[in-house]
Amino acid sequence: MRVIMLGPPGAGKGTQASRISQRYDIPHISTGDMFRANLKQGTALGQEARQYMDAGELVPDDLVVRMVDDRLSWDDAQDGWDLDGFPRTIGQAEALDELLEEHDTPIDVVLRFAVDDDEVVERLSGRRVCRECGEIYHVHANPPTEEGVCDACGGELYQRDDDQEEVIRTRLASYVEDTEPLEQFYAERGLLRDVEAVGDIDDVTDRTLAVLADIEEPPPR
Ligand code: AP5
């Protein structure tokens with residue numbers, strides 16, 4: 001299964017991608033997580049990405065595409081993947097098409113998660129993330145058992161630097177300008193499927209898995 005998660009910041013892409021990844025035993029590839037890991041390790045790539053991420057702007061396409069090209073060549077990504085946060089521009093989508101064509105590994109579906117701006121601000125200002133394993137929480141919608149501690153690995157939970165209201169607004173504007181055109185790009189290829197992203201997290205997962213099960217159905221004879 002090769003899945004792309006599309007939707008504004010805070011739509012729940014990471015939350016649902018991690019569940020899809022467990023269900024289908026495919027890697028959850030998040031370009032945001034990859035940049036944050038590089039930042040934590042102090043790599044040159046992380047340093048370069050930082051200025052854009054802190055401002056809520058997109059990292060230049062060539063840096064992102066090189067990173068994804070490398071990640072898709074790993075052994076665990078040969079039978080499928082769930083791409084979260086990539087592609088985010090038409091340029092990235094075209095570059096991805098080229099990469100996939102070389103390996104004859106087409107995209108199965110592009111899932112679009114829609115939520116309104118006020119919900120995005122509410123979700124992101126309450127988001128907490130594990131420093132160790134990246135597990136995602138929300139102070140109200142999905143709190144950890146013990147405040148500040150990850151249920152999965154016991155790691156420390158923190159608030160992302162870019163989850164401040166002003167930066168969130170810039171990220172939303174960038175989504176509309178740079179990423180929304182991808183909806184038509186993939187709709188024209190018959191790949192776009194909507195998932196109602198508002199409501200209980202488990203209900204959103206049920207709806208997401210129902211869409212994936214539907215595209216897995218063999219075509220009628
Ligand atoms: P990235 O990390 O990809 O951030 P994003 O796309 O802005 O998405 P988020 O991670 O903020 O949200 P999400 O949809 O995954 O929501 P989540 O599941 O966490 O990118 C960060 C930066 O990196 C970018 O700004 C850019 O600078 C750079 N970058 C990354 N990729 C790039 C690319 N391809 N090109 C260029 N630059 C790139 O959920 C959010 C919160 O809501 C959580 O607290 C969660 O618990 C809660 N929640 C989830 N579902 C629900 C629900 N149904 N009800 C209530 N709460 C919910």
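The figures that follow rest on heavy atoms only: side chains count, while hydrogens, waters and symmetry mates do not. This structure is a prediction, so every number in the text was calculated from the model and none was measured. Counting from 1, the numbers follow the sequence of the chain as shown. Start at 1 and go down the list; that is how both ligands and their atoms are numbered.
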Check: Arg171 N/O within less than 3.5 Å of ligand 1 N/O = yes
Ligand 1 atoms in contact with Gly85 (distance to a heavy atom under 4.0 Å) | 31 (N), 32 (C), 33 (C), 34 (N)
Tell me, which protein residue and heavy-atom name are nearest atom 19 (O) of ligand 1, and how many Å apart are they?
-> Arg127 NH1, 2.6 Å
Check whether NZ of the Lys or CZ of the Arg Arg189 lies under 6.0 Å from the centre of the six-membered ring of Phe185 and within 45 degrees of that ring's axis.
-> yes
Who's the nearest protein heavy-atom neighbour of atom 27 (O) of ligand 1, and how far?
-> Glu57 O, 2.6 Å
Passes side-chain hydrogen bond (donor to acceptor under 3.5 Å, both in side chains), Asp178 versus Thr89? Steps please.
-> CA-CA 5 Å; Asp178 301 306; Thr89 64; over 6 Å; no
So does Asp25 have more than 12 non-hydrogen atoms from other groups sitting under 6.0 Å from CG?
-> no
Contact (N/O only, under 3.5 Å) between Lys13 and ligand 1 | yes
Taking only heavy atoms of Gln92, which atoms of ligand 1 are found under 4.0 Å from at least one of them?
-> 33 (C), 34 (N), 35 (N), 36 (C)
Assess whether side-chain contact (heavy atoms from CB on, under 4.5 Å) is satisfied between Ile4 and Asp108, documenting all intermediate values.
-> CA-CA 8 Å; Ile4 288 177; Asp108 291 303; over 6 Å; no
Taking atom CD of Gln184 as the centre, report whether more than 12 heavy atoms of other residues, nucleotides or ligands fall under 6.0 Å from it.
-> no
For Arg207, look at atom CZ and say whether over 12 heavy atoms of other residues, nucleotides or ligands are found less than 6.0 Å away.
-> yes
Hey, which atoms in ligand 1 end up nearer than 4.0 Å to a heavy atom of Gly14?
-> 13 (P), 15 (O), 18 (O)
Considering heavy atoms of the protein only, find what lies nearest to atom 53 (N) of ligand 1 and give residue, atom and distance to 0.1 Å.
-> Gly199 O, 2.8 Å
For residues Ile107 and Trp81, determine if any side-chain heavy atom of one lies less than 4.5 Å from a side-chain heavy atom of the other.
-> yes
Any idea which of Gln159, Arg128, Arg123, Met67 brings a heavy atom closest to atom 42 (O) of ligand 1?
-> Arg123
Return yes if a side-chain donor-acceptor contact under 3.5 Å exists between Ser125 and Glu165, otherwise no.
-> no
Is Arg2 paired with Asp79 through a side-chain N to carboxylate O contact shorter than 4.0 Å?
-> no
Does CD belonging to Glu102 count more than 12 external heavy atoms closer than 6.0 Å?
-> yes
Would Ser30 count as a contact of ligand 1 if the rule is a heavy atom under 4.0 Å away?
-> no
Salt-bridged, Glu156 to Arg131, with N to O below 4.0 Å?
-> yes
Hey, which atoms in ligand 1 end up nearer than 4.0 Å to a heavy atom of Val204?
-> 53 (N)
In the protein, what heavy atom is nearest to atom 20 (O) of ligand 1, and what distance, to one decimal place, separates them?
-> Arg88 NH2, 3.3 Å
Ignoring angles and geometry beyond distance, decide whether Phe86 reaches within less than 3.5 Å of ligand 1 through its nitrogen or oxygen atoms.
-> no
Partner set under side-chain hydrogen bond (donor to acceptor under 3.5 Å, both in side chains) for Arg23, not counting sequence neighbours | none
Phe113 contact mode with ligand 1 (heavy-atom cut-off under 4.0 Å) = neither
Any N/O pair Pro9/ligand 1 closer than 3.5 Å | no
SB check Asp69 Arg66 (cutoff 4.0 Å) = no
Considering only non-hydrogen protein atoms, determine which one is nearest to atom 12 (O) of ligand 1 and report residue, atom name and distance to 0.1 Å.
-> Gly10 N, 2.8 Å
Can you tell me which residue and heavy atom of the protein come closest to atom 23 (O) of ligand 1, and the distance to 0.1 Å?
-> Met53 CE, 3.5 Å
Write out the residue and atom name of the closest protein heavy atom to atom 4 (O) of ligand 1, then the distance separating them to 0.1 Å.
-> Arg160 NH2, 3.3 Å
For Glu119 and ligand 1, does the shortest N/O to N/O distance drop below 3.5 Å?
-> no
Within-cut-off N or O pair, Thr31 and ligand 1, under 3.5 Å = yes
In ligand 1, which numbered atoms sit nearer than 4.0 Å to a non-hydrogen atom of Arg36?
-> 2 (O), 21 (C)
Would you say Asp70 has more than 12 foreign heavy atoms packed within less than 6.0 Å of its CG?
-> yes
Does the side chain of Asp82 pick up a donor-acceptor pair with the side chain of Ser21 at under 3.5 Å?
-> no
Proximal ligand 1 atoms for Ala141, defined as those under 4.0 Å from one of its heavy atoms = 55 (C), 56 (N)
Between Leu58 and ligand 1, which part of the residue brings a heavy atom under 4.0 Å of the ligand: side chain, backbone, both or neither?
-> both
Between Val198 and ligand 1, is there a nitrogen or oxygen pair with a distance under 3.5 Å?
-> no
Check whether more than 12 heavy atoms from other residues, nucleotides or ligands sit under 6.0 Å from atom CD of Gln47, and answer yes or no.
-> yes
Starting from atom 18 (O) of ligand 1, find the nearest protein heavy-atom neighbour and note its residue, name and distance.
-> Thr15 OG1, 2.6 Å
Nearest heavy atom to atom 43 (C) of ligand 1, choosing from Val139, Ile136, Asn142, belongs to Ile136
Check each atom of ligand 1 against the heavy atoms of Ala197 and keep those under 4.0 Å away; list them by number with element.
-> 53 (N)
With heavy atoms of Tyr137 as the reference, note each atom of ligand 1 found under 4.0 Å away.
-> 43 (C), 44 (O), 46 (O)
